[in-house]
Amino acid sequence: MIHVVATITLKPGVRGPFLDVFRWLTPLVRAEPGCVEYQATTDVPTTIAVQDPPRPDVVTVIEKWATLEALYAHGAMQHMAEYRVKVKDYVTGVTLQVTEPATE
């Protein structure tokens, strides 16, 4: 199992339109071979002391893939190319963390 945490930083004030595009994308990705989980998330304010403050211009995507090959294939899908074009004016940066379970 491969886990991905994608942190997408947006221009101020465009989270709503960005999430509209992501709602279009999500069922297409979930139908891909090897996709176990794919979900856009936003920060929740809590009283947990070690939590950073909420980031209104960040969307975190939580992904799980059956294999690394499935993740590579995901990046090459036509709908991912279309998604990148649709959000290019909203996104200022993307970082990825790709991990696997350390214990089972």
Side-chain angles (χ1 to χ4, degrees):
M1 180 83 58
I2 300 298
H3 300 248
V4 179
V5 177
T7 303
I8 304 170
T9 305
L10 305 170
K11 293 178 182 176
V14 300
R15 188 166 77 181
F18 172 85
L19 288 173
D20 288 342
V21 175
F22 213 89
R23 285 182 193 95
W24 162 82
L25 176 67
T26 299
L28 300 172
V29 174
R30 288 180 179 167
E32 291 177 31
C35 181
V36 176
E37 180 179 347
Y38 193 79
Q39 180 66 54
T41 67
T42 56
D43 292 353
V44 173
T46 72
T47 59
I48 299 171
V50 297
Q51 180 182 0
D52 288 336
R55 303 161 297 171
D57 300 318
V58 170
V59 172
T60 304
V61 181
I62 307 300
E63 307 176 34
K64 291 183 184 176
W65 296 91
T67 64
L68 193 54
E69 292 74 20
L71 174 60
Y72 289 149
H74 160 67
M77 292 285 179
Q78 178 62 35
H79 52 261
M80 291 307 296
E82 293 174 31
Y83 156 79
R84 289 181 197 99
V85 170
K86 289 181 180 197
V87 301
K88 69 179 174 54
D89 292 332
Y90 303 145
V91 175
T92 63
V94 177
T95 63
L96 289 181
Q97 292 295 320
V98 180
T99 68
E100 63 185 355
T103 59
E104 294 230 329

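All values derive from a computational prediction rather than experimental measurement. What you see below is based on every heavy atom in this structure, not just the backbone, and it leaves out hydrogens, waters and symmetry mates.
With rounding to the nearest 0.5 angstrom, the CZ atom of R30 is 10.0 Å from the CG atom of L25. Taking CG of L96 as the start and OG1 of T99 as the end, the distance is 11.0 Å to the nearest 0.5 Å. Here D43 contributes atom CG and T60 contributes atom OG1; the two are 5.5 Å apart, rounded to the nearest 0.5 Å. For the atom pair CG (D57) and CD1 (I8), the distance works out to 13.0 Å, reported to the nearest 0.5 Å. Once rounded to the nearest 0.5 Å, the distance linking CD of E82 with CG of L28 reads 8.0 Å.
Side-chain contact between E63 and Q39 is absent, with no heavy-atom pair separated by less than 4.5 Å. By the 4.5 Å heavy-atom criterion applied to side chains, W24 and K86 are counted as neighbours. You'll find the side chain of Y90 stays beyond 4.5 Å of the side chain of K11, heavy atoms only. Contact of the L71 side chain with the V4 side chain is registered, since non-hydrogen atoms from C-beta on lie closer than 4.5 Å.
Remark: K64 pairs with M1, H3, V36, E37 by the side-chain contact (heavy atoms from CB on, under 4.5 Å) rule, at least two apart or across chains. Partners of R84 according to the side-chain hydrogen bond (donor to acceptor under 3.5 Å, both in side chains) rule, which considers only residues two or more places apart in sequence or in another chain, do not exist here.
Grouping the Ile, Leu, Val, Met, Phe, Trp and Tyr side chains by contacts below 4.5 angstrom, directly or via other members, places V5 apart from V58. Both V21 and V14 are assigned to one and the same hydrophobic cluster, defined by single-linkage of ILVMFWY side chains at heavy-atom distances under 4.5 Å. By the rule that hydrophobic residues join a cluster once side-chain heavy atoms approach within less than 4.5 Å of another member, M80 and I62 end up as members of separate clusters.
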T67 vs I2, side chain to side chain contact (heavy atoms under 4.5 Å, CB included): CA-CA, chis, key distance, verdict:
CA-CA 6 Å; T67 64; I2 300 298; 5.6 Å; no

Under the side chain to side chain contact (heavy atoms under 4.5 Å, CB included) criterion, do E32 and W65 qualify, and how do the steps go?
CA-CA 10 Å; E32 291 177 31; W65 296 91; 3.4 Å; yes

Assess the residue pair R15 and R55 against the criterion (side chain to side chain contact (heavy atoms under 4.5 Å, CB included)); give the C-alpha distance rounded to whole Å, side-chain angles, the decisive distance to 0.1 Å, and a yes or no.
CA-CA 11 Å; R15 188 166 77 181; R55 303 161 297 171; over 6 Å; no

Derivation and outcome, side chain to side chain contact (heavy atoms under 4.5 Å, CB included), residues L10 and V91
CA-CA 4 Å; L10 305 170; V91 175; 4.0 Å; yes

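Looking at V61, V29, V59 one by one, the single match for side-chain contact (heavy atoms from CB on, under 4.5 Å) with F22 turns out to be V61.
Not a single donor-acceptor pair under 3.5 Å links the side chain of T9 to the backbone N or O of T92.
Closest non-hydrogen pair, G34 versus A70, comes out as CA-CB, 3.9 Å. In terms of heavy-atom proximity, M77 sits nearest to P33 at CE-CD, 4.5 Å.
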